[in-house]
Amino acid sequence: MATPDFIRTLRASAGHQLLWLPGVTAIVFDDAGRVLLGRRTDTRKWSVIGGIPEPGEQPADCAVREVFEETAVRCLPERVVLVQALQPVTYGNGDVCQYMDITFRCRAVGGEARVNDDESLDVGWFAVDALPGLNEFGLSRIKRAMAEEPTWFEPATLG
């Protein structure tokens, strides 16, 4: 994922210290029930679509923007699937980030799936019973997006 300009500006004064950032994941289904995936340039692995909202950008708008930027597919967010604080990530350059992920179930409404930016090597629609190798992050979000359940979140601990 390309680093947004506002994060580069933050890093200029914050150095490598932990940044707490919003993240958005879009699980996009077509009319045939297939899920949209992209193969990332940084890891060379298949992944669900996602990114970081710009300052002031609504999470659903971010989902729509990221899906189009990466895949040329137009989508409509239908519901929030989950909200989850992820574990901190340390990148190769030493930067540390921790994301609050908001995952949306989305419906494709237009466009033809194709590589639409320099973050993706490949883009494609996959039947949910024939997914390429995905990490647990992607698999769990697809599973939750398919379920007709309330928004999932970590249960609160009473303290």
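We count residues from 1, following the sequence as given.
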Student: I need the Arg40 CZ to Ser47 OG distance, nearest 0.5 Å.
Tutor: 5.5 Å
Student: Considering non-hydrogen atoms only, spot the tightest contact between Asp95 and His16 and give its length.
Tutor: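 For Asp95 versus His16, the nearest heavy atoms are OD1-ND1, 2.6 Å.
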Student: With hydrophobic residues grouped by side-chain heavy-atom distances under 4.5 Å, do Phe137 and Tyr91 end up in a single group?
Tutor: yes
Student: Is it true that atom CZ of Phe6 has more than 12 heavy atoms of other residues, nucleotides or ligands lying nearer than 6.0 Å?
Tutor: yes
Student: Under 3.5 Å, is there a donor-acceptor pair linking the side chains of Thr103 and Asp101?
Tutor: yes
Student: I'd like to know if Leu134 and Val128 are part of one continuous hydrophobic network [Ile/Leu/Val/Met/Phe/Trp/Tyr, side-chain heavy atoms within less than 4.5 Å].
Tutor: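 Val128 and Leu134: one cluster.
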Student: Just wondering, do Gln98 and Leu18 contact through their side chains at under 4.5 Å, heavy atoms?
Tutor: yes
Student: Please confirm whether the backbone N or O of Val73 pairs with a side-chain atom of Thr71, one donor and one acceptor, at under 3.5 Å?
Tutor: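 A pair under 3.5 Å: yes.
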Student: Identify the heavy atoms of Ser120 and Val115 that sit nearest to each other, and give their distance.
Tutor: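 What the structure gives for the nearest pair is O-CG1, 3.3 Å.
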Student: Counting N and O atoms only, with roles assigned by atom type, does the side chain of Arg105 sit under 3.5 Å from a partner on the main chain of Ala145, one being a donor and the other an acceptor?
Tutor: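 Side chain of Arg105 to backbone of Ala145: a pair is present.
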Student: Evaluate the criterion side chain to side chain contact (heavy atoms under 4.5 Å, CB included) for residue pair Val96 and Leu19; output intermediate values, then yes/no.
Tutor: CA-CA 6 Å; Val96 182; Leu19 291 182; over 6 Å; no
Student: I need the Glu54 CD to Ile7 CD1 distance, nearest 0.5 Å.
Tutor: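 If I round to the nearest 0.5 Å, the distance is 8.0 Å.
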Student: Does a side-chain heavy-atom distance below 4.5 Å link Phe104 with Val24?
Tutor: yes
Student: Any link between Leu86 and Leu21 through a network of hydrophobic side chains (Ile, Leu, Val, Met, Phe, Trp, Tyr) touching at under 4.5 Å?
Tutor: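 In one cluster: yes.
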Student: Indicate, with yes or no, if Val109 and Val64 share a hydrophobic cluster defined by side-chain heavy-atom contacts under 4.5 Å among Ile, Leu, Val, Met, Phe, Trp and Tyr.
Tutor: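 Per the 4.5 Å side-chain linkage, Val64 and Val109 are not co-clustered.
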Student: Just to verify, which of Leu37, Val35, Leu36 counts as forming a side chain to side chain contact (heavy atoms under 4.5 Å, CB included) with Val28?
Tutor: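 Filter result, single survivor: Leu36.
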Student: Is it the case that atom CZ in Arg8 sees more than 12 heavy atoms from other parts of the structure closer than 6.0 Å?
Tutor: yes
Student: Nearest 0.5 Å please: distance from the CD atom of Glu70 over to the CD1 atom of Ile49.
Tutor: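 Reported to 0.5 Å precision, the distance equals 5.0 Å.
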Student: Do Trp125 and Leu121 land in one hydrophobic cluster if side-chain heavy atoms of ILVMFWY residues count as linked below 4.5 Å?
Tutor: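 No, because Trp125 and Leu121 fall into different hydrophobic clusters, even though each may have its own neighbours under 4.5 Å.
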Student: Treating Arg11 as the side-chain partner and Gln17 as the backbone partner, does any N or O pair qualify as donor plus acceptor under 3.5 Å?
Tutor: yes
Student: Could you walk me through whether Arg44 and Arg39 pass the side chain to side chain contact (heavy atoms under 4.5 Å, CB included) check?
Tutor: CA-CA 6 Å; Arg44 307 189 74 74; Arg39 194 157 65 89; 4.3 Å; yes
Student: How many angstroms lie between atom CH2 of Trp20 and atom CE of Met100, to the nearest 0.5 angstrom?
Tutor: 4.0 Å
Student: Can you list the steps and then say if Arg107 with Asp31 is a salt bridge (charged side-chain N to carboxylate O under 4.0 Å, His left out)?
Tutor: CA-CA 8 Å; Arg107 179 173 39 91; Asp31 290 339; 6.0 Å; no
Student: Under the ring pair (Phe, Tyr, Trp, His ring centres under 6.0 Å) criterion, do Trp46 and Phe126 qualify, and how do the steps go?
Tutor: CA-CA 11 Å; Trp46 288 97; Phe126 294 87; 4.9 Å; yes
Student: Quick one: which of Glu112, Arg114, Glu119 gives a side chain to side chain donor-acceptor pair (under 3.5 Å) with Asn116?
Tutor: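 For Asn116, the side chain to side chain donor-acceptor pair (under 3.5 Å) test succeeds with only one of Glu112, Arg114, Glu119, which is Arg114.
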Student: Rounded to the nearest 0.5 Å, how far does CZ of Phe68 lie from CZ of Arg74?
Tutor: 4.0 Å
Student: Could you tell me the separation between the SG atom of Cys75 and the CZ atom of Arg65, rounded to the nearest 0.5 Å?
Tutor: 11.5 Å
Student: With a 4.5 Å heavy-atom cut-off, do Arg34 and Phe29 have their side chains touching?
Tutor: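 Side chain of Arg34 against side chain of Phe29, heavy atoms only: no contact under 4.5 Å found.
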Student: Please say which of Pro22, Pro59, Pro53 ends up in a side chain to side chain contact (heavy atoms under 4.5 Å, CB included) with Ile102.
Tutor: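 It is Pro59; the other options fail the test.
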